[in-house]
Structure formats: structure tokens, C-alpha cells
Amino acid sequence: MNHWLMKSEPDVFSIDDLKTRGKEPWDGVRNYQARNFMRDGMRIGDRIFFYHSNCKVPGIVGIAEVVSEAYPDPSQFDPDSKYFDAGSSRAAPRWMLVDVGYVQTFPRTISLDELKSCPQLADMPLLRKGNRLSVMPVAAGDWQFINGLAGA
DNA sequence: GCCAACGTTGGC
DNA sequence: GCCAACGTTGGC
């Protein structure tokens, strides 16, 4: 099983929103590297750290899981969507997504500051300077370590 | 709201 | 194929 981290702005879609909905199509990803992780890397049952970005205390707030295979992101075909992509077509979809299901909310947020303070996590892609990927892999060891921090 | 970092676009 | 301009991300 592979492990992942996905960023979301809580003002737009928070882990509480995911909890309420149960599962959600992860639409709107318009970065090729992130798309490739979803399309080629993710398998049903893979676990995901849910990360809140662009907010007061950015950090990992809980766990989600992959609940579908990758399929074309419908929003790319919708002219009324802000994610519409005129360069894509149903015959050759450019953007893929997976459905993400709620698993648990951590008892506390593992803040970005705390993650940065752990020498064990220095190689995490999340902590690399200038990284803006919204979907990225998490090494098995880092997954275990962070779960330990969360008391989960 | 600022701005550094980085991806994409498009002229040439 | 180069690279300047532009847009976006996301921490602060």
C-alpha cells in the first residue's frame, strides 16, 4: 500500500466537510505531477494525510483514503466550471481524479511548524522549499512517525 | 495583503 | 528550444 498527502484549503473544503460528505471527488487538480500521482500511483485503499493549507495553522489534520480508481475529472468538460479546460476532450481527457473517503480526524493538528521541527522528516517532499504540489507521496516511515505524533 | 517559488504560455 | 511574462500557490 502507498501513502499520500493531499492539500486542501479549509475555507474551500475542510476535513469536516469530508466527514459530513463521507466521500468526495478530488476535482480541480491542474498540475501534471499531481495528476500522475492520482492516475498512476493511487490504488483503492491507499491512505492519505489530509493537509489544511492557506489557513491560520497549516498542517495535517487527519486521514482519508482512496475509494475509487482514477477517472476523468468532469469539471474539465464543464464550460461553467472554473476548472474548465478547453484544451481537453472526452476522447482524450487531460485531467484525472480519484474519490477520497473520510477515515478519521486527528485529536490535534500536526502543524507545519511541528513537522519542520522533526529531523526525521527533513526529506519529506512537503517540507522541501518552494514545493507547491497539492498531491504527493509519503514514505512509509514518515507515515508511521507522523501517526505516532498524532497519537493515532 | 505581500511576495518567493515555481509552472505554464507564447513570441521569437 | 529559449526565456520573459504571467498566473498560481501557500506560508507568513
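In what follows, every chain begins at residue 1, and chains take the letters A, B, ... in the order their sequences are listed.
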> So which residues get pulled into Tyr83(A)'s cluster when ILVMFWY side chains under 4.5 Å apart are joined, directly or through others?
Replying inline: none
> Rounded to whole angstrom units, what separation is found between the CG atom of Asn31(A) and the P atom of dT9(B)?
Replying inline: 11 Å
> Who pairs with Arg47(A) by side chain to side chain contact (heavy atoms under 4.5 Å, CB included), at least two apart in sequence or on another chain?
Replying inline: Met1(A), His3(A), Ile63(A), Glu65(A), Val103(A), Trp143(A)
> Got a sec, which residues hit side chain to side chain contact (heavy atoms under 4.5 Å, CB included) with Lys19(A), two or more places apart in sequence or on another chain?
Replying inline: Tyr102(A)
> How would you list, by chain and number, every residue that makes a salt bridge (Lys or Arg N to Asp or Glu O under 4.0 Å) with Asp16(A), sequence neighbours excluded?
Replying inline: none
>> Going by ring-ring contact (aromatic ring centres under 6.0 Å, His included), name the residues that satisfy it together with Phe37(A), two or more places apart in sequence or in a different chain.
In response: Trp4(A)
>> Run the side chain to side chain contact (heavy atoms under 4.5 Å, CB included) test against Arg132(A) and tell me which residues pass, sequence neighbours left out.
In response: none
>> Once side chain to side chain contact (heavy atoms under 4.5 Å, CB included) is applied, do any residues pair with Pro72(A), and if so which ones, sequence neighbours excluded?
In response: Gln76(A), Phe77(A), Pro93(A), Met96(A)
>> Counting only heavy atoms and a strict 4.0 angstrom limit, can you tell me which residues of residues 47-54 of chain A come near DNA chain C?
In response: Tyr51(A), Ser53(A), Asn54(A)
Under 3.5 Å, N/O pairs linking protein and nucleotides 6-8 of chain C:
| residue | atom | partner | partner atom | Å |
| --- | --- | --- | --- | --- |
| dT8(C) | O2 | Arg132(A) | NH1 | 2.9 |

> Roughly how many Å is it from CE in Met6(A) to C1' in dT9(C), rounded to a whole number?
Replying inline: 16 Å
> Would you call Asp73(A)-Arg30(A) a salt bridge at under 4.0 Å N-O?
Replying inline: yes
>> If the condition is salt bridge (Lys or Arg N to Asp or Glu O under 4.0 Å), which residues does Glu69(A) pass it with, not counting sequence neighbours?
In response: none
>> Can you see if the side chain of Lys7(A) gets near the phosphate of dG10(C) - specifically, an N or O under 4.0 Å from OP1 or OP2?
In response: yes
> Where along residues 111-131 of chain A does a heavy atom come under 4.0 Å from DNA chain B, residue by residue in number order?
Replying inline: Lys129(A), Gly130(A)
> Who else is in the cluster with Trp95(A) when I, L, V, M, F, W and Y are joined by side-chain contacts under 4.5 Å?
Replying inline: Tyr32(A)
